[in-house]
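Encoded as structure tokens, the structure appears first; notes follow it.
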Amino acid sequence: MKVIYNDGTVKECQKEEELHVMRHSAAHIMAEAIKRLFPDAKFAYGPATDKGFYYDVDLGEKKLSDADLMNIESEMKKIVKENQPIKPFTLTREEAVKYMSDEGEIYKVEHIGDLPEDAVISFYRQGEYTDMCVGPHMTYTKGLKAFKIVGQSGAYWKNDKNNKMLTRIKGIAFPSQQELDNYLTMLEEAEKRDHRKIGKEMGLFMMCDEAPGFPFFLPKGMALKNALIDYWREIHTREHYVEVSTPMIMNRRLWETSGHWDHYKDNMYSTVIDEETFCVKPMNCPGGVMVYRSEPHSYRELPMRVGELGLVHRHELKGALHGLFRVRCFTQDDAHIFMRREQITDEITNVVHLIDEVYTKFGFKYSIELSTRPDNSMGSDEDWEAATDGLKSALEKLGMPYTVNEGDGAFYGPKIDFHLEDSLGRTWQCGTIQLDFQMPLNFKLEYVDEKGERQRPIMIHRVCFGSIERFIGILTEHFVGKFPVWLAPTQVKVLLVSEKSAEYGQQVYESLRDAKVRVELDNRNEKVGYLIREAQTVERVPYMVIIGQKEVEDGTVSVRYRDTSKTETMTLEDFLNKIKTEIKDRV
């Protein structure tokens with residue numbers, strides 16, 4: 001595909017750049033369509049994204065309807081058909097300010113004010129629309145082959161909640177109609193899997209206006225959450241972790257020492273107690289450090305693996321909240337490992353094995369990313385180099401492929417991030433391993449080595465699930481609510497054909513409950529076919545045990561499986577043995 005750069009040069013662009021250029025050009029074409037339909041619109045930012053494009057627009061008091069979005073898409077098709085040439089030109093900073101001011105583009109003028117005094121500003125013109133942009137772009141609008149407007153949302157100007165809320169109009173674009181259709185099919189499937197919809201149907205969790213971003217877990221959701229936590233505790237006990245619980249509120253001085261106050265205070269909730277500022281913890285690590293510091297340690301105790309299922313709170317913008325994926329409080333399955341420098345590689349290797357075991361349990365594939373030192377970091381060059389080399393060494397020892405994400409480490413150390421892939425091919429960053437030389441230094445942590453000398457330990461921060469709430473959302477969509485037996489909120493539903501089978505059905509229910517199976521007895525006066533469909537398709541229960549007169553007479557149970565229409569008759573003892581084995585083996 002030929003593209004035009006802001007100096008007027010036309011070249012064939014690299015294959016990997018084509019989609020970005022096409023989607024960026026789509027944002028300009030959409031802006032022209034919006035301007036035709038809403039002449040008073042004022043434009044902010046309109047970048048390409050991983051799958052498409054968007055533009056943040058000030059429409060005054062106008063609220064867009066679905067019909068408006070369809071009209072914008074139709075107008076875009078007209079602009080594409082017109083095959084308008086796309087031409088660049090440049091202006092000095094002063095000329096650019098006057099040009100954009102004359103056009104009434106107040107956001108572009110403000111953006112120019114953020115640029116250097118000697119900046120030369122580039123623009124692209126197509127038809128009656130001109131946009132300030134560095135490019136490159138397609139040479140003609142007809143190069144946009146397949147696109148669709150997919151929605152709108154609110155977005156603060158410059159992502160600052162103190163600024164005006166703009167309308168973000170979003171679209172997707174692909175090189176061919178077939179690729180667009182495939183993506184739309186995937187979106188439809190994702191909508192069916194939406195954890196918010198499934199969570200409501202299954203009674204897992206709820207949100208309410210009185211607590212935006214703070215999920216309420218209902219009884220069945222707690223059963224699921226506790227099953228995950230039981231699994232977490234089992235594997236961590238096996239790996240010689242100890243578990244602690246640290247306070248939810250600690251004073252500001254602690255967070256200043258840890259470095260979080262300087263780097264994270266805008267996302268922290270705080271309160272005043274006894275005329276002193278206290279912070280609600282956004283992460284667990286300073287509490288874990290205080291546990292370590294509470295008593296002296298010998299080199300013989302290291303590595304010391306300290307786990308915590310800690311509830312943390314972070315101030316997220318209201319517009320960013322999304323079900324369990326983006327919340328304001330969540331449970332981190334944290335662990336902090338305190339160790340000697342020579343133990344770094346082995347400890348990281350052990351954590352990688354543990355995270356791999358967890359993701360394999362749920363059938364997730366994953367990729368690994370090594371994130372290096374960011375601009376706003378703490379610590380010396382030597383410590384950062386040693387920490388980064390330690391992570392690289394562990395990954396290379398394991399023979400695990402990884403990509404490097406330059407400058408995306410935590411402010412106190414580099415990290416390894418695990419990006420898991422779900423059944424729709426979407427990726428989620430969940431597990432992480434962060435190597436930290438800074439916090440042990442800031443808190444003056446020590447241990448006594450074999451020579452009786454005081455040394456500084458090294459610290460690893462790591463999570464497997466990340467946020468347990470978010471992980472439940474991912475699992476819900478991955479399995480479409482059809483959780484494995486060991487994880488299912490309700491593992492068995494006992495269904496009665498008639499009142500005549502009530503007594504025996506009660507006995508079956510109690511036998512399953514006594515065996516610690518999560519079981520429910522449905523004795524409603526409904527046809528059994530309705531009860532089966534509801535249990536199978538709405539509540540997504542793995543096993544339905546159907547009790548009719550024949551089962552009463554024979555002392556058996558008829559077992560119906562979630563994903564089939566077949567039933568199998570067996571003794572209650574055989575069914576108990578079967579399901580207890582599946583729960584124990586977590587299959």
Side-chain angles (χ1 to χ4, degrees), residues 1-13 17-49 52-59 71-116 118-147 149 157 166-171 173 175:
M1 180 175 75
K2 289 187 182 300
V3 301
I4 188 165
Y5 292 84
N6 57 17
D7 62 357
T9 306
V10 177
K11 296 179 183 177
E12 286 285 341
C13 76
E17 292 180 317
E18 285 186 3
L19 270 177
H20 179 83
V21 171
M22 181 186 68
R23 288 166 176 162
H24 194 181
S25 300
H28 284 220
I29 292 170
M30 181 173 71
E32 183 178 357
I34 294 167
K35 195 72 173 174
R36 284 184 177 183
L37 297 171
F38 308 101
D40 293 331
K42 296 176 175 57
F43 296 89
Y45 291 128
T49 65
F53 54 94
Y54 69 79
Y55 225 118
D56 291 343
V57 189
D58 186 347
L59 295 167
N71 289 338
I72 292 170
E73 185 177 311
S74 296
E75 199 64 36
M76 288 179 69
K77 289 176 181 177
K78 292 179 187 177
I79 293 168
V80 169
K81 192 173 182 179
E82 291 166 10
N83 199 22
Q84 300 173 1
I86 301 174
K87 300 289 187 182
F89 64 94
T90 59
L91 296 174
T92 65
R93 191 172 184 274
E94 185 179 350
E95 291 169 335
V97 168
K98 183 177 185 309
Y99 184 73
M100 287 286 96
S101 297
D102 291 345
E103 295 292 319
E105 294 291 356
I106 57 174
Y107 299 101
K108 302 290 185 183
V109 171
E110 185 176 337
H111 180 47
I112 294 170
D114 296 332
L115 301 176
D118 59 349
V120 175
I121 316 297
S122 60
F123 293 82
Y124 281 82
R125 179 183 290 119
Q126 63 195 45
E128 67 268 34
Y129 179 74
T130 301
D131 206 344
M132 186 174 78
C133 184
V134 296
H137 282 283
M138 302 181 305
T139 54
Y140 289 88
T141 58
K142 203 170 183 179
L144 183 59
K145 301 298 183 184
F147 61 92
I149 302 299
W157 165 234
L166 307 177
T167 300
R168 176 167 293 179
I169 305 171
K170 296 175 279 192

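Values below: every heavy atom of this structure, side chains too, minus hydrogens, waters and symmetry copies. Along the sequence shown, residues are numbered consecutively beginning with 1.
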Open item on the list: Nearest 0.5 angstrom please: Phe38 CZ to Asn71 CG, how far?
Closed with: 7.5 Å
- [ ] Could you walk me through whether Ile72 and Tyr55 pass the side-chain contact (heavy atoms from CB on, under 4.5 Å) test, one step at a time?
- [x] CA-CA 12 Å; Ile72 292 170; Tyr55 225 118; over 6 Å; no
Task: Shortest non-hydrogen separation from Tyr124 to Ile4 and the atoms involved - done: OH-O, 3.0 Å
TODO: Begin with the C-alpha distance, continue with both residues' side-chain angles, and end with the deciding distance and a verdict on side-chain contact (heavy atoms from CB on, under 4.5 Å) for Asn83 and Tyr140.
DONE: CA-CA 6 Å; Asn83 199 22; Tyr140 289 88; 3.0 Å; yes
Task: Counterpart residues, salt bridge (charged side-chain N to carboxylate O under 4.0 Å, His left out), relative to Arg168 (two or more places apart) - done: Asp56
Open item on the list: For a 4.5 angstrom cut-off between non-hydrogen side-chain atoms, does Tyr129 reach Ile79?
Closed with: no
Open item on the list: Keeping Lys35 on the side-chain end and Ala41 on the backbone end, is there a donor-acceptor pair under 3.5 Å?
Closed with: yes
TODO: Determine, step by step, whether Thr130 and Glu103 satisfy the side-chain contact (heavy atoms from CB on, under 4.5 Å) criterion, reporting the C-alpha distance in whole Å, the side-chain angles of both residues, the deciding distance to 0.1 Å, and the verdict.
DONE: CA-CA 10 Å; Thr130 301; Glu103 295 292 319; over 6 Å; no
TODO: Measure the spacing between OH of Tyr54 and OH of Tyr45 and express it to the nearest 0.5 Å.
DONE: 9.5 Å
- [ ] Could you tell me whether a side-chain N or O of Ser122 sits under 3.5 Å from a main-chain N or O of Cys133, the two making a donor and an acceptor?
- [x] yes
TODO: Apply the test salt bridge (charged side-chain N to carboxylate O under 4.0 Å, His left out) to residues Glu105 and Lys42: give CA-CA distance (whole Å), side-chain angles for both, the deciding distance (0.1 Å), then the verdict.
DONE: CA-CA 6 Å; Glu105 294 291 356; Lys42 296 176 175 57; over 6 Å; no
Open item on the list: To the closest 0.5 Å, what do you measure between CG (Asp131) and CD1 (Ile86)?
Closed with: 11.0 Å
Open item on the list: Evaluate Glu82 against Arg36 for salt bridge (charged side-chain N to carboxylate O under 4.0 Å, His left out), listing each step before the verdict.
Closed with: CA-CA 14 Å; Glu82 291 166 10; Arg36 284 184 177 183; 2.9 Å; yes
Task: Heavy-atom closest pair, residues Lys145 and Pro175 - done: CB-O, 3.3 Å
Open item on the list: For the CG atom of Leu59 and the CZ atom of Phe43, what is their distance to the nearest 0.5 Å?
Closed with: 8.0 Å
Open item on the list: Quick check: closest heavy atoms across Ala26 and Met76, and the distance to 0.1 Å?
Closed with: O-CE, 3.7 Å
- [ ] Return yes if some donor-acceptor pair links the side-chain N/O of Lys108 with the main-chain N/O of Ala44 below 3.5 Å, else return no.
- [x] yes
TODO: For the pair His137 and His24, name the ring-plane relationship: parallel under 30°, tilted 30 to 60°, perpendicular over 60°.
DONE: tilted
Task: Closest contact, heavy atoms only, Ala27 versus Gly46 - done: CB-O, 3.4 Å
- [ ] Go through the steps to decide whether Met100 and Phe123 satisfy the test side-chain contact (heavy atoms from CB on, under 4.5 Å), and finish with yes or no.
- [x] CA-CA 11 Å; Met100 287 286 96; Phe123 293 82; 3.7 Å; yes
Open item on the list: Run the salt bridge (charged side-chain N to carboxylate O under 4.0 Å, His left out) test against Lys142 and tell me which residues pass, sequence neighbours left out.
Closed with: none
Side-chain atoms of residues 88-97: list all donor-acceptor pairs with protein atoms under 3.5 Å, sequence neighbours left out, distances to 0.1 Å.
unit_1, atom_1, unit_2, atom_2, d
Thr92, OG1, Glu95, N, 3.1
Thr92, OG1, Glu95, OE1, 3.2
Arg93, NE, Leu115, O, 3.2
Arg93, NE, Pro116, O, 3.2
Arg93, NH2, Ile112, O, 3.4
Arg93, NH2, Gly113, O, 3.2
Arg93, NH2, Leu115, O, 3.4
Glu95, OE1, Thr92, N, 2.9

Task: More than 12 heavy atoms of other groups within 6.0 Å of Tyr5 OH - done: yes
Open item on the list: Between Phe53 and Phe147 (judged by ring centroids, cut-off 6.0 Å), do the two rings come close enough to count as a pair?
Closed with: no
Task: Thr141: which of Lys81, Gln84, Lys78 passes side chain to side chain contact (heavy atoms under 4.5 Å, CB included) - done: Gln84
Task: Main-chain N/O of Met138 paired with Ser25 side-chain donor or acceptor, under 3.5 Å - done: yes
- [ ] For Glu75 and Ile34, indicate whether the former's side chain and the latter's backbone hold a donor-acceptor pair under 3.5 Å.
- [x] no
Open item on the list: Rounded at 0.5 Å granularity, tell me how far NZ in Lys87 sits from CD in Gln126.
Closed with: 12.5 Å
Open item on the list: When you compare the side chain of Val80 with that of Lys77, does any pair of heavy atoms fall below 4.5 Å?
Closed with: no
Task: Main-chain N/O of Met1 paired with Glu18 side-chain donor or acceptor, under 3.5 Å - done: yes
Open item on the list: Can you tell me how far apart OH (Tyr99) and CD1 (Ile121) are? Round to the nearest 0.5 Å.
Closed with: 13.5 Å
